[in-house]
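As a basis for the values below, the full set of heavy atoms in this structure was taken, side chains included, without hydrogen atoms, waters or symmetry mates.
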Amino acid sequence: MRLVQLYHPEKGRRIAKVEKDRLILFRERWDSTHQLFTDIIESARSPETFISAELSSESADYDNVYSGTSQWKLLPPFDHPDTHHACMLSGTGLTHRASAENREKMHQKMSGQEEANITDSMKIYMWGEEGGKPKRGDIGVQPEWFYKGNGTHLKACGEPLIVPTYADDGGEEPEIAGLYLIARDGTPFRVGFAIANEFSDHVMEKKNYLYLAPSKLRNCSIGPELVVNGRFDDVPGVVSVERDGGTLWSKEIRTGEKNMCHSLENLEHHHFKYNQHRIPGTVHVHFFGAGAFTFGEGIELKQGDRMSVSFEGYGRPLVNPLQIESGAPKLVKVKTPGQNS
């Protein structure tokens, strides 16, 4: 089952269920998947049972919505009304072998190390290979973890991902993200998955791997669909970049537990073991890592390039154009109380 969030200039926010080329709208009382899953969790009913009773007779043409020719516009499929304070974006890196190898090459060039010397990045990946998939119920080795920002950074399918003036670069990271809601008692619930473009500044990170933290503070996107009870064992996909109406680059990718050095249970434990990540009512969008991206193959994205990510069983592709801000970065001045200029 797949859901989308929509916005209409006259009707406001609504949610809908995907039925092939139609979007079946929920009753008007439902204006967010956050509200929907809050009530599903508290009802202790299955999503399928709950949702079947809440669909209306209204529908929209998915082709028109997806292409941007409808008044209905796609939103991220899962978010929080309080985007500033109640939605955390985060991720786990070095979960896929190709990602670890790309990072290792990057860090070897930075430090002047010879290929025979293993980098810290590859060490963390190998720790995952050795202890990232413990027996069910046991705790495995912790992965790399990064903070991505809050809900203001989260973009929908079709919206541009922005390279700010202070950035060195911007590049796609094709992934699947887990979507989580914290219940009233502090229990984390995974409401589903979504296609994701984690989008990072790889040039900044390449300068020094200690710049990883600021390189992650960029826009990202998920969607267009929230996949309820989706597969996450072995998921094939395709990532591509279109330029001037043609395909600049394309590559087949795979994700899911079979292709990662950590189990989903282990990744989730090491994110939600922190008390501050289990605040009731909050939303978490957690990225599970990428296996391929253009930067690793020496391709520099340019203004207007269209990034596309698709995964089998996850609905329509996630597509975002690249937008590069012009001009020089501006100094941000900090004031003290009583200072007006």
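- Counting only N and O atoms by type, the side chains of H269 and Q142 include no donor and acceptor under 3.5 Å apart.
- Counted by atom type alone, E129 and Y125 present one or more donor-acceptor pairs between their side chains at under 3.5 Å.
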Practice prompt. Would you check, one step at a time, whether the test ring-ring contact (aromatic ring centres under 6.0 Å, His included) holds for F288 with H96?
Written response: CA-CA 9 Å; F288 293 129; H96 295 68; 9.4 Å; no
Discussion item. Checking Q5 against T33 for the side chain to side chain donor-acceptor pair (under 3.5 Å) test, could you report, in this order, the C-alpha distance in whole Å, the side-chain angles of both residues, the deciding distance, and whether it holds?
Written reply: CA-CA 7 Å; Q5 289 196 123; T33 48; 3.3 Å; yes
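- Residues R254 and D234 are in side-chain contact: their nearest non-hydrogen atoms beyond the backbone lie under 4.5 Å apart.
- No side-chain donor from either of S263 and E257 sits under 3.5 Å from a side-chain acceptor of the other.
- Of all heavy-atom pairs between H34 and G281, the closest is NE2-O, 3.0 Å.
- Note on E198 versus R218: no salt bridge recorded, every NZ/NE/NH1/NH2 to OD/OE distance being 4.0 Å or above.
- For the 3.5 Å distance criterion, the side chains of K148 and S90 fail to qualify, holding no donor opposite an acceptor.
- Taking CG of L74 as the reference point, atom OH of Y66 lies at 8.5 Å (rounded to 0.5 Å).
- The line from CG of D31 to CG of L6 is 12.0 Å long, rounded to the nearest 0.5 Å.
- R22 and S59 share a donor-acceptor pair across their side chains, judged by distance under 3.5 Å alone.
- Applying the side chain to side chain donor-acceptor pair (under 3.5 Å) definition to pairs two or more places apart or across chains, those involving residues 292-306 are E172-T294, R243-D305, W249-E297, K251-E297.
- Counted by atom type alone, H286 and T92 present one or more donor-acceptor pairs between their side chains at under 3.5 Å.
- Taking the six-membered ring where tryptophan is involved, the planes of H284 and H271 are perpendicular, since the angle between them exceeds 60° and thus also 30°.
- Using a cut-off of 4.0 Å between Lys/Arg side-chain N and Asp/Glu carboxylate O, D79 and K155 are scored as not salt-bridged.
- Closest non-hydrogen pair, E225 versus G315, comes out as OE1-CA, 3.3 Å.
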Practice prompt. Assess whether salt bridge (charged side-chain N to carboxylate O under 4.0 Å, His left out) is satisfied between E28 and K11, documenting all intermediate values.
Written response: CA-CA 9 Å; E28 289 189 28; K11 300 179 181 180; over 6 Å; no
Discussion item. Let's go through N320 and S221 carefully: what are the C-alpha distance in whole Å and the side-chain angles of both, what is the deciding distance for side chain to side chain donor-acceptor pair (under 3.5 Å) to 0.1 Å, and is it a yes or a no?
Written reply: CA-CA 8 Å; N320 299 96; S221 59; 2.7 Å; yes
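- With hydrogens and angles left out, the side-chain atoms of W30 and E54 include a donor and acceptor closer than 3.5 Å.
- Nearest heavy atom pair, residue G230 against residue F193, reads O-CE1, 3.6 Å.
- Scanning both residues, I195 and F311, for their nearest heavy atoms gives CD1-N, 3.9 Å.
- Across every non-hydrogen atom of A177 and F287, the tightest pair is CB-CD2, 4.1 Å.
- Salt-bridge annotation for K206 and D169: absent, with no side-chain N of the basic residue lying under 4.0 Å from a carboxylate O of the acidic one.
- Here the closest non-hydrogen pair linking I222 and A196 is CG2-CB, 4.0 Å.
- The OG atom of S70 sits 11.0 Å away from the CG atom of D63 when rounded to the nearest 0.5 Å.
- Side-chain N/O atoms of S46 and T49 include a donor and acceptor closer than 3.5 Å.
- Among residues two or more places apart in sequence or in another chain, the salt bridge (charged side-chain N to carboxylate O under 4.0 Å, His left out) test is passed with R45 by none.
- Inspection of the E268 and Y180 side chains reveals an N or O donor paired with an N or O acceptor under 3.5 Å.
- Both V319 and W72 belong to a common hydrophobic cluster when Ile, Leu, Val, Met, Phe, Trp and Tyr are linked at side-chain heavy-atom distances under 4.5 angstrom.
- Rounding to the nearest 0.5 angstrom, the gap separating the CD1 atom in I182 from the NE2 atom in H80 is 10.5 Å.
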